[in-house]
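Comments concern the structure below.
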Amino acid sequence: MELYSENAGQHHRRHHMCCLRFFVPWIIACSAQPEPKELHVLSSAPKAVQVFWLPGDGHGDGDVEVGQLAAAGEQPSSFSITTYPGHAFYFQAGPQRSNSVAHSGGEHDLVMLSEKAGALSAEVLTAEKLKSLVREMHLQCKGRHGYISCCRTFARESLGIPSRFADRYIESYSPNRWMPKDVGRGSIKEVSPVSLGDEPGAVPEDEMVVVNNLPDSLDLLWVPFADEAKLEESTFISDVPPESFVRISGKPGQMFMAMIRGQNESISAFQYPGELAVVLIRPPEGAPPLRVAVANQDQLKIALSNAAQACDFEEETAFLGCFRSRAALSTGEPLPQALSAAWFVMLWSSLKHWRQCVILPDSRPIRQVTLQLDNGEGSNRTIQANVLREEPLVLGIKGLAKPEECDQLIKSQEVLEQDLVMAFVSGGSTSKHRRTLSKNLYPDLEEPGSMLSRLHKRFFQVARGATGFNLWPPGQEPVNWLHYKPGYEYRPHCDGGCGQSLVPSGMRVASSLLYCNVPEQGGSTIFTKDSTKMTPARGDFLFFTYKSDPDHMSTHAACPVLKGIKSTATQWYREGVSEHYTWEDVNDLGYRAKGTEL
Ligand SMILES: O=C(O)CCC(=O)C(=O)O
Ligand SMILES: [Fe+2]
């Protein structure tokens with residue numbers, strides 16, 4: 001806990017301690033505490049004030065004096081406490097004791113202490129009030145050369161807030177921290193032609209591209225408080241000449257307005273959805289305002305694919321010639337030709353990948369194999385599996401799970417959307433390469449009746465039957481549930497020992513997917529080296545091996561979902577693991593699968 005008081009420029013350190021643990025030993029160790037927060041106190045009382053901390057519920061004994069505020073002079077005196085949300089304090093000037101106040105847990109709290117009618121009163125300004133204070137500062141000072149010093153003066157003169165407090169509020173709450181930037185522009189007609197084989201270096205990945213298709217110049221304004229009604233608070237960002245575009249770097253959720261220069265009645269507002277987004281400004285339809293179409297990255301990916309479907313050319317120049325004139329948003333708004341080609345590369349990675357996903361047909365079964373399943377209740381079930389590729393093996397099974405079984409799995413595991421998180425790639429970050437929601441499901445092997453355990457057991461029966469590998473549930477990785485929304489995908493990757501002739505014991509040797517929800521369009525699983533492809537129906541199962549895969553043939557991808565949603569349950573299979581030597585033990589030994597994204 002750090003306590004210090006400040007008055008008229010004097011900075012006087014009182015105590016310095018690690019945290020409340022030293023102060024009151026029965027409070028849990030520092031590391032178990034939530035983040036400490038600041039509590040600022042401003043006193044305009046004409047007397048010196050003692051500050052007391054109430055360690056208990058505010059009624060018991062043991063109040064602790066933690067500091068003093070000097071009598072206010074021309075300016076209030078100030079004091080700062082680093083404390084924890086919920087901690088309560090009161091103030092005492094001679095016989096007068098104020099009401100007690102607790103830290104609300106906001107980033108900063110400010111206590112205004114004053115003497116009213118002979119009584120000491122403490123009022124807390126929490127985050128909301130401080131935000132509106134900062135907003136007032138911003139309105140007073142925006143566009144001024146010395147923005148920060150103007151804000152400081154305003155804070156001091158209007159409320160007596162010292163600069164060191166004001167700076168923190170500006171830092172935390174001022175919209176100017178996120179001032180969007182115009183980071184480049186170009187004319188729609190003059191964007192250099194892109195070859196689809198090129199790396200998409202020319203395209204911004206995290207920017208809003210505002211395209212002006214009008215014969216007039218546009219003004220682009222930013223509305224700092226994301227409130228369309230606050231027109232007078234908007235800030236000019238950029239102009240957009242006719243037939244040109246600007247690239248704006250901003251923060252997701254920021255609100256903007258476009259208007260034909262000098263024509264207030266033409267104003268239209270829109271929000272930056274984050275990542276790559278395209279905003280098309282079209283002329284008003286008859287009467288103002290302007291028409292604005294915003295597409296986020298996923299919508300753009302789908303719109304480009306829909307446009308490309310009219311262009312069944314394997315050869316790039318022919319494809320581009322066709323595609324350019326057709327690229328449009330789903331609303332029919334045409335996209336700038338040269339930009340669309342660059343976006344296509346960025347969002348689909350290549351013409352080849354898009355064709356494998358969208359144009360090429362599913363693999364025809366080479367032959368069928370018969371597998372025996374034992375449901376554990378004495379009855380055997382015989383199923384047919386389609387061999388889609390012999391080496392390394394890829395198998396597709398129609399209806400391994402009944403739709404009701406999928407429903408039950410989804411219900412029993414409560415695979416609700418709010419439980420899902422954006423999937424991670426190695427290194428723990430999210431990536432456009434694995435753009436899907438994910439959750440691990442842990443089959444309870446002691447609870448063989450649960451739908452998850454029953455399906456898990458079935459997966460392993462298929463895996464053993466199809467390969468003869470020694471694959472059993474104990475010690476295996478959890479089932480990984482993936483949930484793809486429109487535009488979501490999983491770019492080409494290997495699950496295990498891609499490029500290896502023989503994987504060491506304990507490592508992944510095979511993977512399977514049970515498709516529990518299938519999209520109306522898109523979402524096929526493809527093996528990118530040889531275009532092996534499966535477009536699933538609900539309850540279908542895909543199984544593939546890579547125990548020996550020197551040529552990276554197991555490289556596979558989940559194609560973008562184009563319409564509807566897709567959910568899959570992935571199981572990875574390891575040989576040599578058991579209850580006593582689990583997949584985690586293997587990973588702890590450092591044998592992390594090479595080439596895997598997980
Ligand atoms: O969802 C798919 O089609 C593929 C999923 C996948 O590759 C994985 O979970 O490793
Ligand atoms: Fe995979």
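Remember, it's 1-based here, ligands and their atoms both numbered in the order they're listed. One-based numbering along the sequence shown.
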Side chain or backbone, does His493 bring an N or O within less than 3.5 Å of an N or O on ligand 1?
yes

Closer than 2.8 Å to the Fe ion (ligand 2), do we get an N, O or S atom from His556, backbone or side chain?
yes

For Arg434, is there an ion pair with Glu489 - N to carboxylate O distance below 4.0 angstrom?
no

So does Lys566 pair up with Glu520, basic N to acidic O under 4.0 Å?
no

Would you say the ring centers of Phe459 and Phe541 fall short of 6.0 Å from each other?
yes

Between Thr570, Leu542, Thr568, Thr525, which one has a non-hydrogen atom sitting closest to atom 3 (O) of ligand 1?
Thr525

Is there a side-chain contact between Gln500 and Pro504 in this structure, where contact means two heavy atoms from C-beta onward sitting under 4.5 Å apart?
yes

With heavy atoms only and a cut-off of under 4.0 Å, state how Leu482 meets ligand 1: side chain, backbone, both or neither.
side chain

Report yes if some N/O of Tyr484 lies less than 3.5 Å from some N/O of ligand 1; otherwise report no.
yes

Residue part near ligand 1, for Asn480, under 4.0 Å between non-hydrogen atoms
neither

Please report, to 10°, the angle around the Fe ion (ligand 2) from atom OD1 (Asp495) across to atom NE2 (His493).
90°

Do Glu405 and Arg458 sit within salt-bridge range, that is, some charged N less than 4.0 Å from a carboxylate O?
yes

